[in-house]
Structures are given as C-alpha cells and as structure tokens.
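So the structure is just underneath, and the comments pick up after that.
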Amino acid sequence: MAGLSSLEELWWMLGALFFFHTSEYVLALLFHGRGVSLGSFLISGPYLVALGCSFVEHGVESRYAPWMKTLSPVSYMGLAMVVVGEFMRKCAVVTANHSFTHDIKTFHRPEHRLVTHGIYRFFRHPGYLGFLIWSVGSQVLLCNPVCTVGYTIVMWRFFRDRIPYEEFFLVQFFGEEYQQYAERVPSGIPFIQ
C-alpha cells in the first residue's frame with residue numbers, strides 16, 4: 001500500500017476540519033434553530049492558535065525533515081482516530097438531541113433531559129471523548145510529534161477542568177439520578193472521574 005504524501009496528509013486534515021466544524025454547526029441548527037452562535041463551530045482563539053501551530057509544525061517538518069511525513073502506518077492510524085472520534089462525537093450529539101449544547105448550562109431548561117441511553121450508557125461525556133480522539137488523531141494524521149503531545153496535554157487539562165464544573169450543574173439539575181449515573185458510568189476521559 002502506498003503511503004500518504006505530506007500534501008495528502010494536509011488535504012485529509014483540511015477535509016476533516018471542514019467536515020467536523022460544518023457538521024457541528026448543521027446539527028446545532030437542526031436541534032436548536034437559528035439562535036445558534038459561531039460557538040457551534042467550536043472555533044475559539046486558543047483553538048485557532050493550536051491549529052496554526054499544527055500547520056506550522058507540518059510545514060517546517062515537511063521542508064526540513066520530509067522523512068517524518070512519510071510514516072504511512074502512523075498517518076493511517078491518525079486518519080482512523082479522526083473517523084472514530086468524529087463518529088463518537090456525532091453519536092453523542094444526535095443521541096442527546098436538544099439536551100446537547102456547546103456551552104455549559106448553569107440553569108435548567110425545560111427541554112433539558114438526563115441522557116443515559118445510546119453511547120451515554122458507556123461514557124458520561126462521549127462528545128468530549130470523541131473530540132479528544134479526533135483532535136489528537138488529527139495530529140497523528142499529520143505526523144506532527146510535537147503537536148500530538150501538545151494537543152493531548154492541552155485537551156486533557158481542558159476536560160479535567162471542564163468536566164467537574166459541568167457535573168456540578170448536572171447534579172444541581174438531576175440530583176440523585178445523576179449521582180447514581182456518575183457512579184456506574186465512567187467519564188470517558190482517561191484519569192478523570
């Protein structure tokens with residue numbers, strides 16, 4: 001099997017970015033109507049900086065260490081991670097339906113339900129897990145060793161801080177029902193209860 005070239009890795013990455021962010025926005029429109037914000041694209045300043053770093057790393061290594069960009073099994077593993085992460089995230093969004101939002105709700109909305117079926121039977125935060133796999137996989141796809149490590153650390157820390165904050169409100173909204181759910185179902189993010 002022929003390996004991916006540096007340019008092919010880049011095209012796969014751009015396609016993955018386009019599909020991920022466009023589908024996030026389309027699903028947000030579908031479930032929440034025209035009131036959705038650009039946040040539904042999941043694009044923030046720090047995210048753009050990280051993305052820029054990944055393209056800079058890919059460009060520099062392609063120019064000065066092209067052998068690092070011809071690691072076909074690594075690229076294909078990254079592509080598989082992107083597909084698996086995308087699938088998990090979209091399963092989470094579709095399963096949660098109107099209860100899925102891109103921001104943490106600090107007040108209980110009437111349509112907000114505790115979702116414990118589908119992919120939520122296995123992970124409390126499958127959308128986060130899917131995004132973690134997707135984002136790290138995007139760097140593996142590009143054969144970016146520095147950004148692979150950086151994305152892993154930054155994303156894990158982000159979820160380490162976000163999950164307890166979100167779960168505080170979920171306990172407020174759903175009480176004992178959420179606490180029991182949290183006791184029997186893992187968060188999905190390694191080393192985060």
Side-chain angles (χ1 to χ4, degrees), residues 16 19-21 23-33 35-37 39-47 50 77-141 147-193:
F19 183 82
F20 180 86
H21 292 291
S23 61
E24 287 284 316
Y25 189 72
V26 167
L27 287 172
L29 275 175
L30 180 67
F31 295 133
H32 301 290
V36 299
S37 68
S40 299
F41 274 112
L42 291 182
I43 298 174
S44 65
Y47 178 79
M77 184 176 76
L79 183 57
M81 290 172 69
V82 165
V83 170
V84 167
E86 181 77 44
F87 179 77
M88 288 184 77
R89 175 125 178 124
K90 295 315 186 266
C91 280
V93 173
V94 170
T95 301
N97 200 307
H98 295 288
S99 293
F100 189 96
T101 59
H102 289 97
D103 56 340
I104 295 174
K105 298 300 179 198
T106 57
F107 60 92
H108 189 266
R109 299 167 320 185
E111 70 275 8
H112 195 185
R113 305 280 179 260
L114 178 59
V115 179
T116 61
H117 64 282
I119 196 166
Y120 289 88
R121 286 182 306 186
F122 308 106
F123 308 108
R124 290 194 318 271
H125 300 284
Y128 294 161
L129 178 58
F131 187 66
L132 175 66
I133 294 169
W134 184 92
S135 64
V136 173
S138 72
Q139 299 313 298
V140 175
L141 167 64
C147 283
T148 296
V149 171
Y151 271 53
T152 302
I153 292 168
V154 168
M155 292 300 299
W156 185 85
R157 285 182 174 169
F158 174 78
F159 292 127
R160 177 200 62 197
D161 296 340
R162 184 175 175 102
I163 287 173
Y165 179 71
E166 181 174 350
E167 290 194 341
F168 170 82
F169 291 105
L170 289 168
V171 168
Q172 301 301 307
F173 303 159
F174 302 110
E176 184 67 27
E177 183 183 9
Y178 187 81
Q179 289 174 329
Q180 290 174 0
Y181 171 65
E183 286 174 10
R184 59 174 201 275
V185 177
S187 74
I189 307 296
F191 310 109
I192 297 177
Q193 296 294 354

Sequence neighbours left out, cut at 3.5 Å: what donor-acceptor pairs do the side chains of residues 184-193 make with other protein atoms?
residue	atom	partner	partner atom	Å
S187	OG	I189	N	3.2
S187	OG	I189	O	3.4
S187	OG	I192	O	2.6

**Request:** Would you check if the distance from the ring center of H112 to the ring center of F107 is below 6.0 Å?
**Result:** no
If you look only at distance, which donor and acceptor atoms sit under 3.5 Å apart when one is on a side chain in residues 115-122 and the other is two or more places apart or in another chain?
residue	atom	partner	partner atom	Å
Y120	OH	A92	O	3.1
R121	NE	G118	O	3.3

**Message:** Side chains of R160 and W156, heavy atoms from C-beta outward: is any pair under 4.5 Å?
**Reply:** yes
**Request:** Check each of R162, Q179, R124, Q172 against E167 using the side chain to side chain donor-acceptor pair (under 3.5 Å) test, and report the only one that passes.
**Result:** R124
**Asked** Considering residues at least two apart in sequence or located in another chain, which fulfil the ring-ring contact (aromatic ring centres under 6.0 Å, His included) criterion with F87?
**Response** none
**Request:** Identify, with sequence neighbours excluded, every residue that meets ring-ring contact (aromatic ring centres under 6.0 Å, His included) alongside F31.
**Result:** H98
**Test of ring centre spacing under 6.0 Å for Y128 and F131** = no
**Request:** Could you tell me the separation between the NZ atom of K105 and the CD atom of E166, rounded to the nearest 0.5 Å?
**Result:** 11.0 Å
**Message:** Could you tell me if the side chain of F173 sits less than 4.5 Å from the side chain of R113, heavy atoms only?
**Reply:** no
**Pairwise distance CG(L27) to CG(N97) - rounded to 0.5 angstrom** = 9.5 Å
**Request:** Return the set of residues passing ring-ring contact (aromatic ring centres under 6.0 Å, His included) with H32 (not counting sequence neighbours), or none when no residue passes.
**Result:** none
**Prompt:** Taking only residues two or more places apart in sequence, or in another chain, which ones meet Y151 in a ring-ring contact (aromatic ring centres under 6.0 Å, His included)?
**Reply:** none
